[in-house]
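Shown next, in structure tokens, is the structure this report addresses.
Reminder, nothing fancy here: chain letters follow the sequence lines and each chain counts from 1.
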Protein chains: 2
Amino acid sequence: MKRTGFARADCPVARALDAIGDWWSLLIVRDAFDGLRRFGDFQQNLGIAKGMLTARLRKLVELGVLEQVAASDGSAYQEYVLTKRGRALFPVVVSLRQWGEANLFARGEPHSVLVDAQGERVGQLVLPSKAGRPLNWSDTRVKKVGSRKR
Amino acid sequence: MKRTGFARADCPVARALDAIGDWWSLLIVRDAFDGLRRFGDFQQNLGIAKGMLTARLRKLVELGVLEQVAASDGSAYQEYVLTKRGRALFPVVVSLRQWGEANLFARGEPHSVLVDAQGERVGQLVLPSKAGRPLNWSDTRVKKVGSRKR
DNA sequence: CTGTCTAGTCCTATTTTAGGACCAGTTCGA
DNA sequence: TCGAACTGGTCCTAAAATAGGACTAGACAG
């Protein structure tokens, strides 16, 4: 049957997953962060079927995550680049990366790493309180819509 | 056809999506962070088909994201709770939440919010450099496996 | 003991996916 | 300047994933 949609959910997590939580979208975004721009680049690098890629790119453009611009090499082709909204997905990609690094590789097994401009490995993502104190999961809770609880 | 797998990819993002990037897993994890523990709680709250939920819970247990424990109310039933590995998904859920809040709700449209123990809204996730300086996407790049580039 | 609740299993119709054949417009090479 | 190859798609098919519901064994409550 048709996949259940969450586009009208109260929960932002559900809406986010509805938008970009499918099997390919975040990998396309990851590759876009990596500098890939052309249809053929994505297709080759991901090994995705062309029809699937067409559909995903179209949806990401519709969502405002990617936009099509004239090719930077002066040819008549188009390129796909991240918009501001797309670049805002950076923490999502990084958090997945960090969880994957820590939990899905054997000790010593090589993987790509995220480094800063100096080539130094980056630290772990931190969730700060309003006052700037680092929080972990047990310091937080979700306040539901309409909840009067303070 | 069978969905393409990324379990052996070099990229931790790809492996993470292979593990938990399907349509339901992260919503189940979100609900687990929210305190849901029983099969029926997940099933009702998500509106997911029972067969789907069974399959997803089984996979999450296999992955070590959830574990089954005896019910806390003393009944003969089992409950599903997050393991350490599952709790490590906190930044993933939070990053999706923050992106969804900022990009998928109309101005003024209500949504659930993440608050700290004092009921204060939390800040934005921050990626620090090794030295603690906040980084954004343009300050970073991915060093591929086997890459000699510094 | 009997009826209801819980946590499933199993089946089916429909949708989604992967993969490949095909195609029009663009660019390259001689 | 022409033909070949490349780019960025479209369209088709077989197989797999999904939603939804019928059914069930064991737990529990009265």
Please tell me if [X] has a side-chain N or O lying less than 4.0 Å from either OP1 or OP2 of [N].
X: B:Arg38; N: C:dT6; answer: no
X: B:Arg3; N: C:dG19; answer: no
X: A:Thr4; N: D:dA19; answer: yes
X: A:Arg37; N: D:dT7; answer: no
X: A:Thr54; N: D:dG8; answer: no
X: A:Ser75; N: D:dT7; answer: no

Can you tell me the distance, in whole Å, between the [atom1] atom of [X] and the [atom2] atom of [N]?
X: B:Gln43; N: C:dA7; atom1: CD; atom2: P; result: 10 Å
X: B:Phe39; N: D:dT24; atom1: CZ; atom2: C1'; result: 14 Å
X: A:Met52; N: D:dG8; atom1: CE; atom2: P; result: 19 Å
X: B:Leu53; N: C:dA7; atom1: CG; atom2: P; result: 10 Å
X: B:Ile48; N: D:dG20; atom1: CD1; atom2: P; result: 11 Å
X: B:Glu79; N: C:dG8; atom1: CD; atom2: P; result: 12 Å
X: A:Leu27; N: C:dT17; atom1: CG; atom2: P; result: 13 Å
X: B:Leu46; N: D:dA19; atom1: CG; atom2: P; result: 11 Å

Regarding B:Arg15 and the six-membered ring of A:Phe105, is the cationic atom NZ or CZ under 6.0 Å from the ring centre and inside 45° of its axis?
->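 Geometry flag: set, cation within 6.0 Å and 45°.
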
Touch class at under 4.0 angstrom, heavy-atom based, for [X] against every strand present:
X: B:Tyr80; answer: sugar-phosphate
X: B:Lys2; answer: sugar-phosphate
X: A:Ala76; answer: sugar-phosphate

B:Lys144/A:Asp34 ion pair, N-O < 4.0 Å |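 Yes, this pair counts.
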
For a side chain to side chain contact (heavy atoms under 4.5 Å, CB included) with A:Asp41, tell me which candidate from A:Gln44, A:Gln43, A:Arg38 qualifies.
->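 For A:Asp41, the side chain to side chain contact (heavy atoms under 4.5 Å, CB included) test succeeds with only one of A:Gln44, A:Gln43, A:Arg38, which is A:Arg38.
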
Candidates C:dA7, C:dG19, C:dA13 - which lies nearest the side chain of A:Ala49 =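 Closest of the options to the side chain of A:Ala49: C:dG19.
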
Which nucleotide in the list D:dT18, C:dA18, C:dT9 gets nearest to the side chain of B:Arg58?
->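 The nucleotide sitting nearest to the side chain is C:dT9.
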
Mind checking whether B:Phe33 and B:Phe90 have ring centres under 6.0 Å apart?
->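 Yes - the distance between ring centres of B:Phe33 and B:Phe90 falls below the 6.0 Å cut-off.
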
Does the separation of the ring centres of B:Phe6 and A:Trp24 fall below 6.0 angstrom?
->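 Yes - the distance between ring centres of B:Phe6 and A:Trp24 falls below the 6.0 Å cut-off.
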
Contact nearer the 5' end of DNA chain C, comparing B:Gly40 with A:Trp24 |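 First, find each residue's nearest nucleotide; the 5'-ward one identifies B:Gly40.
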
Looking only at side chains, do B:Ser72 and B:Glu79 share a donor and an acceptor under 3.5 Å apart?
->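 Result is yes, a qualifying pair exists.
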
Could you tell me whether the side chain of A:Tyr77 has a donor or acceptor atom within less than 3.5 Å of a complementary atom in the base of D:dG9?
->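 In this structure, the two groups form no donor-acceptor pair.
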
